[in-house]
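Notes to accompany the following structure.
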Amino acid sequence: QVQLVESGGGLVQAGGSLRVSCAASGRTFSSYGMGWFRQCPGKEREFVAAIAWNGVTTYYADSVKGRFTISRDNAKNTVSLQMNSLKPEDTAIYYCAAARSLYGSRWSGEYPYWGQGTQVTVSS
């Protein structure tokens with residue numbers, strides 16, 4: 001069982017940067033691939049980024065590639081998403097999630113554990 005708590009959301013102007021983080025409980029954090037997803041009102045939850053258990057393998061949605069960076073610190077049980085060059089279309093609730101596999105996935109169905117989400121709003 002893993003419990004996840006996101007933090008760091010907020011309001012930022014277009015072109016700005018924001019970092020959201022996720023703190024995980026439990027002693028087996030390093031056994032999970034981790035992911036970030038986001039959801040806008042009226043839309044389905046979409047994949048943003050994922051990172052493998054060891055932090056070596058990462059992958060991103062095309063819409064954020066080159067602007068967002070996912071990282072993790074297994075000693076601190078945290079995973080973060082650094083978001084640069086933010087656009088109004090990045091506005092959403094951002095969720096972190098722990099995957100069944102070591103490597104994470106682009107598919108939300110592979111993630112049994114989810115945080116409560118943190119709001120990110122990018123103004124134009």
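This one's a predicted model, so the numbers in the text were calculated from it and none came from an experiment. Side-chain atoms are counted along with the backbone in the values below, which use heavy atoms only and exclude waters and symmetry mates.
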Quiz prompt | E44 side chain reached by Q39 side chain, heavy atoms, under 4.5 Å | solution = no
Quiz item: For E6 and Y95, what are the C-alpha separation, side-chain angles and deciding distance, and is it a side chain to side chain contact (heavy atoms under 4.5 Å, CB included)?
Solution: CA-CA 7 Å; E6 299 95 337; Y95 298 90; 4.0 Å; yes
Quiz prompt | Heavy-atom pair of closest approach, residues L81 and A49 | solution = CD1-CB, 4.1 Å
Quiz item: Heavy-atom distance under 4.5 Å between the side chains of L4 and M34, does that happen here?
Solution: yes
Exercise. For the residue pair D73 and T78, confirm or rule out a side-chain donor-acceptor distance under 3.5 Å.
Key: no
Quiz item: Can you tell if the side chain of D90 reaches within under 4.5 Å of the side chain of V120, non-hydrogen atoms only?
Solution: no
Quiz item: Which atom pair, heavy atoms only, marks the closest approach of N84 to S17?
Solution: OD1-OG, 2.9 Å
Self-check item: Derivation of the side chain to side chain contact (heavy atoms under 4.5 Å, CB included) call for Y94 and M83
Solution: CA-CA 11 Å; Y94 283 72; M83 302 181 290; 3.8 Å; yes
Practice problem: Rounded to the nearest 0.5 Å, what's the gap from OG1 on T69 to CZ on R19? Could you check? | Solution: 9.0 Å
Practice problem: Would you check if F68 and L86 make a side-chain contact, meaning some heavy-atom pair closer than 4.5 Å? | Solution: yes
Quiz item: Given I51 and T57, is the side chain to side chain contact (heavy atoms under 4.5 Å, CB included) satisfied, shown in steps?
Solution: CA-CA 6 Å; I51 188 167; T57 302; over 6 Å; no
Quiz item: Within the side chain of S101, is there an N or O that forms a donor-acceptor pair under 3.5 Å with the backbone of G104?
Solution: yes
Quiz item: Is there a path from Y59 to Y32 through hydrophobic residues (I, L, V, M, F, W, Y) whose side chains come within less than 4.5 Å of each other?
Solution: no
Quiz item: Same cluster for V79 and W53 if Ile/Leu/Val/Met/Phe/Trp/Tyr side chains link at under 4.5 Å?
Solution: no
Quiz item: Passes side chain to side chain donor-acceptor pair (under 3.5 Å), S71 versus S80? Steps please.
Solution: CA-CA 5 Å; S71 60; S80 297; 4.7 Å; no
Exercise. Quick one: closest heavy-atom pair of F29 and N77, and the distance?
Key: CB-OD1, 3.4 Å
Quiz prompt | Atom pair CD1 (I93) and CD (Q116), whose distance is rounded to the nearest 0.5 Å | solution = 10.0 Å
Practice problem: Please check if atom OH in Y103 has more than 12 non-hydrogen atoms from other residues, nucleotides or ligands closer than 6.0 Å. | Solution: no
Practice problem: Taking the six-membered ring of W114 (Phe, Tyr or Trp), confirm whether the NZ or CZ of R45 is under 6.0 Å from its centre and within 45° of its axis. | Solution: yes
Quiz item: So, does R100 use its side chain to make a donor-acceptor pair with the main chain of G109 at under 3.5 Å?
Solution: yes
Quiz item: Can you find a heavy atom in the side chain of F47 that is under 4.5 Å from one in the side chain of Y60?
Solution: no
Practice problem: Report the C-alpha separation of S63 and R38 in whole Å, then their side-chain angles, then the decisive distance to 0.1 Å, and conclude whether the side chain to side chain contact (heavy atoms under 4.5 Å, CB included) test is met. | Solution: CA-CA 12 Å; S63 59; R38 65 187 183 187; 3.6 Å; yes
Quiz item: Are there more than 12 heavy atoms of other residues, nucleotides or ligands under 6.0 Å from atom CD of Q3?
Solution: no
Practice problem: Decide if the gap between the ring center of Y111 and the ring center of F37 is smaller than 6.0 angstrom. | Solution: yes
Practice problem: Compare every heavy atom of A14 with every heavy atom of P88, then report the nearest pair and how far apart it is. | Solution: CD-CB, 4.0 Å
Exercise. Verify, without hydrogens or angle tests, whether R67 (side chain) and S85 (backbone) share a donor-acceptor contact under 3.5 angstrom.
Key: yes
Self-check item: Flag, side chain of T91 to backbone of V122, donor-acceptor distance under 3.5 Å
Solution: yes
Quiz item: From E46 CD over to C40 SG, what is the distance, rounded to the nearest 0.5 angstrom?
Solution: 6.5 Å
